[in-house]
2 protein chains.
Amino acid sequence: MKENGSELLQGAIVDASVDASANTTVDARKYKRGSIRDNNLEKILDAAHDEFVLQGYSGASIQAIADRAGLPKANIHYYFKRKTNLYVAVLDNILSLWNDYLDEIDVDDDPAEVLDNLIRSKVAFSYSNPKASKLFAMEIIQGAPHLKDYLRNELRPWVRSKMKVLDTWIAQGKMAAIDPVYLIFLIWSSTQHYADFDTQVLTVMNRAEYEQEMIDDIASFLSGVILRGIGLEPPARKERKIN
Amino acid sequence: MKENGSELLQGAIVDASVDASANTTVDARKYKRGSIRDNNLEKILDAAHDEFVLQGYSGASIQAIADRAGLPKANIHYYFKRKTNLYVAVLDNILSLWNDYLDEIDVDDDPAEVLDNLIRSKVAFSYSNPKASKLFAMEIIQGAPHLKDYLRNELRPWVRSKMKVLDTWIAQGKMAAIDPVYLIFLIWSSTQHYADFDTQVLTVMNRAEYEQEMIDDIASFLSGVILRGIGLEPPARKERKIN
DNA sequence: GTCTATAGCCTGATAGAC
DNA sequence: GTCTATCAGGCTATAGAC
């Protein structure tokens, strides 16, 4: 969420597409990186993200977002004509991060290796992008008013394609005959919990914040329990690069 | 959340305790059940719960709550002097439901039986009280501004007492040597997911709403995977009363 | 492109008749 | 106990000077 220059441009594009009567800006891609525009867009999106998570959509005032971004309030309206456009742009930013994890897994891969990898990636993602996870969670909990289309047109097809691979593995006797979709939900819920409910987790564990060691423990625990739970032997722990 | 006459009274008590300058109402317990007061309190708390979940705290207007409850706006202020008091009363209501599930488990019990029971209870609870789960989740995600004390003074001690039991079972060789606290988080997250993220789950599965059969499947899946994952054999499925 | 000033609306909360 | 009428304040959004 810090070094995503390209996605930021999407923010402006989303805005323009949401509201046809938007500003007269030409395509944002024309601007070179580091220009005032790019810089301000990044500041605004980042500040908005924080405020939306902390205060909710209605609770986040444009004034507070402007203050956090260090810009006058009217500038927010200059870049994003309406508050909802800004909110959608922030969500869009998150989805582009999300989609990086919808990576391809192949029928020929080793199930234990792939699932272990997936679980560790998701835990690492929750650790490094807790705010993204939280805003996404709040949107879904409230009934996904802005993400219904995404769920139906992008997430559902992705899940179905993964289900196919898992079903093949089951047919080949490589893992227990469980319902693949429940396994996907289990991996999502158990890993995201540590980002979304960090306040609860840290309070119960009496910690001020997560440490890398704890994150590794969590990943190993989840990978171990889930893999054994579906009849796989968790692969020996190896050092992994967190992307 | 429909037939909890006793908790409703807590709403008024919470209100009085939160704001010392509250109304001149004498102790709510004096009123007999079914009185106008009780009825209105129930209507207000129920309507407020819905609005808070759907719109968030700031997005839920007292006017909207009043409309949903079928009462004039000023009545809300009569029963709950301030908006935050009403919100805290709703949360308090939820916690009383929650606490019913903090049941005692004994060292002499059979681990597989107890955990299977716990998982099935939690799934059933998510199914029958999705809104309660959602409001609690939103509060925690936003940093638990109103529930910090609850987490520290009630939830944490409860978790610690359960950890002891689980540790004993591990010492007795009854289950694999895992970290008990991660197991508790795993059970919470994987079961609550079906309430909090119902929109995502139902969209991905292309269903309009949950059915009892699906809930049973989910409970069996989670119980099976988690129990096997920690070295236990899931007990044979038996019919259970949902309380 | 930037920012001040302000319009217009809706909010939470209250006063006071019934 | 109930409810109408109203207030002060904060909100999004815009117009227009710079």
Side-chain angles (χ1 to χ4, degrees), chain A residues 11-12 15-16 18-28 30-32 34-44 47-48 51-52 54-90, chain B residues 11-12 15-16 18-28 30-32 34-44 47-48 51-52 54-90:
Chain A
D15 185 45
V18 166
D19 188 344
S21 72
N23 14 2
T24 55
T25 34
V26 286
D27 191 340
K30 275 192 184 172
Y31 292 80
K32 72 173 195 296
S35 69
I36 293 174
R37 180 177 190 86
D38 276 4
N39 249 301
N40 285 352
L41 276 173
E42 176 161 2
K43 278 191 234 163
I44 292 169
E51 287 295 321
F52 284 138
L54 288 169
Q55 312 287 345
Y57 175 78
S58 307
S61 75
I62 292 184
Q63 184 64 65
I65 293 170
D67 290 348
R68 194 183 278 264
L71 292 169
K73 185 175 69 161
N75 277 33
I76 313 291
H77 278 107
Y78 169 68
Y79 287 106
F80 299 91
K81 201 157 177 54
R82 321 199 71 79
K83 190 185 182 183
T84 52
N85 298 9
L86 173 54
Y87 178 68
V88 171
V90 172
Chain B
D15 184 44
V18 165
D19 188 345
S21 71
N23 14 2
T24 56
T25 33
V26 287
D27 190 343
K30 274 193 188 173
Y31 292 81
K32 72 174 195 299
S35 70
I36 292 174
R37 183 178 188 84
D38 276 5
N39 248 302
N40 284 351
L41 277 172
E42 176 162 0
K43 278 191 232 164
I44 293 169
E51 287 295 321
F52 283 137
L54 289 169
Q55 311 287 345
Y57 175 78
S58 307
S61 74
I62 292 184
Q63 184 64 65
I65 293 170
D67 290 349
R68 192 181 278 265
L71 292 169
K73 185 174 71 160
N75 277 32
I76 312 291
H77 279 105
Y78 169 68
Y79 287 106
F80 300 92
K81 201 155 178 54
R82 320 199 70 82
K83 191 186 183 183
T84 52
N85 299 7
L86 173 54
Y87 178 68
V88 170
V90 171

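Computed from a prediction, not measured in an experiment: that's the story for all the values here. Here is how names work: the chains are called A, B, and so on, in the same order as the sequence lines, proteins then strands, and each is numbered from 1.
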* Atom NZ of K83(B) to atom P of dG10(D): distance rounded to whole Å? -> 15 Å
* How long is the line joining CD1 of I62(B) and P of dT14(C), in whole Å? -> 10 Å
* To do: Measure from CD1 on I76(B) to P on dT2(D) and round the result to the nearest Å.
  => 11 Å
* Asked: Tell me: CG of N75(A) to C1' of dT14(D), nearest whole Å?
  -> 14 Å
* Would you tell me if any nitrogen or oxygen in the side chain of R82(A) comes within less than 4.0 Å of OP1 or OP2 on dA13(D)? => yes
* Asked: Counting side-chain heavy atoms from CB outward, which of dT14(D), dA13(D), dT2(D) is closest to K81(A)?
  -> dT14(D)
* Indicate yes or no: at least one non-hydrogen side-chain atom of L54(A) is less than 4.5 angstrom from one of R68(A). => yes
* Closer than 4.0 Å, any side-chain N/O of Y78(B) to the OP1 or OP2 of dA13(C)? -> no
* Asked: Choosing from dT11(C), dT4(D), dT12(D), which nucleotide comes nearest the side chain of P72(B)?
  -> dT4(D)
* CD1 of I44(A) versus C1' of dT2(C): gap in Å, rounded? -> 12 Å
* Report yes if the side chains of Y79(A) and N85(A) come closer than 4.5 Å at any heavy-atom pair, otherwise no. => no
* Can you label the angle between the F52(A) ring and the Y87(A) ring as parallel, tilted or perpendicular, going by 30° and 60°? => perpendicular
* Figure out the OH/P separation between Y87(B) and dG12(C), and round it to whole Å. => 15 Å
* Asked: Just to confirm, is there a sub-4.0 Å distance from OP1 or OP2 of dG1(C) to any side-chain nitrogen or oxygen of N40(A)?
  -> no
* Interatomic distance where NZ belongs to K73(A) and P belongs to dA7(C) [whole Å] -> 13 Å
* Atom-pair distance (CD1 on I65(A); P on dC11(D)), nearest Å -> 11 Å
* **Among dC11(D), dT14(D), dG12(C), the nucleotide that comes nearest once only the side chain of A74(A) is considered** => dT14(D)
* Within the structure shown, what part of the strands sits under 4.0 Å from A60(A) by heavy-atom distance: base, sugar-phosphate, or nothing? -> sugar-phosphate
* Asked: I62(B) versus L86(B): any side-chain heavy-atom pair under 4.5 Å?
  -> no
* Asked: Is any side-chain heavy atom of E42(B) closer than 4.5 Å to a side-chain heavy atom of D38(B)?
  -> no
